[in-house]
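Before any comments, here is the structure.
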Amino acid sequence: MTQQQIQPPRGMNDVLPADIAGWHRLEGVARELFAAYGYQEIRVPIVEHTALFKRSIGEFTDIVQKEMFTFEDPGGDSLTLRPEATAGIVRAMISNGLLHNQRQRVWCAGPMFRYERPQAGRFRQFYQLDAEAFGFPGPDIDAELIMLSARLLRTLGLERIELHLNSLGTPASRRVYREKLVEYFTAHKARLDADSLRRLEGNPLRILDSKNPELQDVIAGAPVLTEYLDEESRQHFSGLCRHLDAVGIRYVLDPRLVRGLDYYTHTVFEWLTTELGSQGAVCSGGRYDGLVTQLGGESTPGIGWALGQERLVSLMRQQRGETPAAAPDVYLVIAGERADAAGLALAERIRDALPSVRIESNCGAGSFKSQLKRADKSGAHLALILGDAETERRVVGLKSLRVEAPQVEVAWERVADEIATRLGR
Ligand code: ATP
Ligand code: MG
């Protein structure tokens, strides 16, 4: 009797070898750009104390109220799989004393977990690239972080992604606005859905972020935060816009952009595409000047963004086609008993001489014919052919698989040089 197969948990995906090339391209470009802008990698735990997320993201957010994977560990502590990276990074900055009189630029990559309704572009485990900067109060760093994200998208050859920009202002100006908003939505209570009614109590700004099409009308009529910004907030925001103008980064001023986490102040932004169905946000971020104190550290301004890797990889595929998988450079055919004894050692010898050349050895024997078929299918440029007769004479056959050329015989001592020449290395 066959056993029933085990499926992965809903909303959690395998990234298969056939699809990994696009991920590597994205991560490779990001890694280089982070270094070029002076951002250092930080790695933080995937699991943190539940209290960390409640205190940072906010009790009344969707994430904390219904999207967290929370569990008790065997010792009885409440732990949560991280739904986003900023809280853990801030915690790490504080725990390690990295914010005292210091400025920090860091980045991080890895999986996040949210118990959402899975659909295209929305998963329960998804990967993010994150960039964060601490200790910079002015709008110049806001601009730098946006320039970094813009260059990342540009380097990947992506187009038609709009930058939406807004200011949430200082906590003081937001309080004034919040009251106006509660007044307005209370007057229109009959038209709100259950989610929005809940938000009206705890977090009215989030109603503006509702994706319910039936609410868009009433949202469109709501008071606009921009009108309630104080002088300090206006100056910060116009400073940011000037920096972006100076490098020709275009943006859409979007007074309804509020973001789903509570800790934001001043700048918030989102890179949006219309080409991924309804999950159009590929990268989002903002400033969080109060978060470090909120988590028990000394007052330090902070700002960061997070990029959704699944969404970006799909967009790359849609706009640029598949990223070709890395094929081997050389396929080593090994046929016969003596050849079998010598083949892997020959491959090692070539790797010693040419560390960057990719060699696939034919493990598992087989006839010359079937191995050459595999060599061709592998996409390799060259085949090395080692039979018992070659092994006896310490030579190997060398055959070009992609261009017409006669097969030649090369001595083992010379084979690395010959491969380097053929591959132009
Ligand atoms: P959305 O409005 O799409 O729910 P969000 O505001 O919740 O996004 P953030 O918390 O700012 O998103 O996360 C940053 C980025 O991570 C998003 O712009 C998006 O690209 C990606 N992302 C967020 N949630 C998911 C998810 N459940 N599945 C896949 N990617 C996600
Ligand atoms: Mg969300």
Side-chain angles (χ1 to χ4, degrees), residues 8-13 15 23 26 30 53 56-58 60-69 80-90 107-132 145-146 149-150 152-153 156 158 161-166 168 195 199 203 205-213 215-216 219 254 256-264 267-288 291 302-316 318:
R10 220 161 97 73
M12 305 204 178
N13 301 309
V15 180
W23 288 74
L26 167 58
F53 301 115
S56 55
I57 297 168
F60 292 101
T61 55
D62 287 354
I63 294 181
V64 170
Q65 291 203 325
K66 50 184 186 190
E67 294 175 2
M68 296 211 300
F69 282 89
T80 294
L81 297 184
R82 64 181 182 196
E84 57 105 46
T86 307
I89 294 173
V90 172
W107 68 273
C108 177
M112 306 296 153
F113 302 84
R114 296 186 193 173
Y115 197 78
E116 303 201 61
R117 191 169 66 79
Q119 51 198 293
R122 191 174 291 288
F123 311 105
R124 289 183 176 171
Q125 173 175 326
F126 58 99
Y127 285 78
Q128 284 186 343
L129 290 169
D130 282 84
E132 317 278 346
L145 271 163
I146 291 175
S149 61
L152 176 58
L153 300 175
L156 293 168
L158 299 174
I161 309 181
E162 263 184 6
L163 174 62
H164 284 228
L165 209 56
N166 191 22
L168 299 179
D195 262 350
R199 289 169 175 164
N203 190 356
L205 260 75
R206 294 277 296 124
I207 301 176
L208 302 177
D209 197 35
S210 165
K211 306 207 161 75
N212 183 348
L215 282 184
Q216 298 311 312
I219 288 173
D254 184 348
R256 311 251 169 242
L257 182 64
V258 291
R259 313 281 298 103
L261 303 89
D262 270 359
Y263 51 58
Y264 289 111
T267 311
V268 287
F269 62 91
E270 220 159 48
W271 288 96
L272 296 172
T273 169
T274 53
E275 295 173 26
L276 290 176
S278 46
Q279 316 317 326
V282 292
C283 175
S284 354
R287 181 169 274 279
Y288 46 84
L291 183 58
I303 175 164
W305 53 247
L307 176 148
Q309 289 191 243
E310 285 81 0
R311 292 186 195 176
L312 209 73
V313 168
S314 310
L315 197 63
M316 285 163 63
Q318 250 170 255

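Owing to the predicted nature of the structure, the values given are computational and were not obtained by experimental measurement. Just so you know, ligand 1 is whichever comes first in the structure, and atom 1 is the first atom listed for that ligand.
With 3.5 Å as the limit, one finds a donor-acceptor pair spanning the side chains of Q119 and Q279.
Residues S210 and D195 fail the side-chain proximity criterion, which asks for heavy atoms closer than 4.5 Å. You'll find the side chain of Q125 stays beyond 4.5 Å of the side chain of N13, heavy atoms only. For the pair F69 and R124, the minimum side-chain heavy-atom distance is below 4.5 Å.
The CZ atom of R311 lies 9.5 Å from the CD atom of Q128; values are rounded to the nearest 0.5 Å. Here D209 contributes atom CG and L215 contributes atom CG; the two are 11.5 Å apart, rounded to the nearest 0.5 Å. Note: T267 OG1 to Y288 OH = 12.5 Å, rounded to the nearest 0.5 Å. The NE2 atom of H164 sits 13.5 Å away from the CZ atom of R256 when rounded to the nearest 0.5 Å. Taking CE of M12 as the reference point, atom CZ of F126 lies at 10.5 Å (rounded to 0.5 Å).
Ligand 1 is approached by E116 to a heavy-atom distance shorter than 4.0 Å. Taking 4.0 Å as the cut-off, M112 does not count as a neighbour of ligand 1 on heavy-atom distance. Proximity of R311 to ligand 1 is established by a heavy-atom distance of less than 4.0 Å.
Note: no N/O pair closer than 3.5 Å links Q279 and ligand 1 by distance alone. Taking only nitrogen or oxygen atoms, main chain and side chain alike, E270 does not reach within less than 3.5 Å of ligand 1. Checking only distances, F123 does come within under 3.5 Å of ligand 1, N or O to N or O. Of the polar atoms of A281, at least one N or O is found under 3.5 Å from an N or O of ligand 1, judged by distance alone. At least one N or O atom of R114, backbone or side chain, sits closer than 3.5 Å to an N or O atom of ligand 1.
Each of the atoms 18 (O), 20 (O) of ligand 1 lies under 4.0 Å from some heavy atom of V282. Every atom of ligand 1 is numbered from 1 in the order shown, and the set under 4.0 Å from a heavy atom of A306 is 14 (C), 15 (C). Counting atoms of ligand 1 from 1 in the listed order, those under 4.0 Å from a heavy atom of K211 are 2 (O). Residue G308 approaches ligand 1 through these ligand atoms, each under 4.0 Å from one of its heavy atoms: 15 (C), 16 (O), 20 (O), 21 (C).
Counting heavy atoms closer than 4.0 Å to ligand 1, residue Q309 contributes nothing at all. Under 4.0 Å from ligand 1, the heavy atoms of Q128 that appear belong solely to its side chain.
Looking only at distances, a side-chain donor or acceptor of R82 sits under 3.5 Å from a matching main-chain atom of P111.
For atom 29 (C) of ligand 1, the candidate residues are A120, G304, P83, G121; the nearest heavy-atom contact is made by G121.
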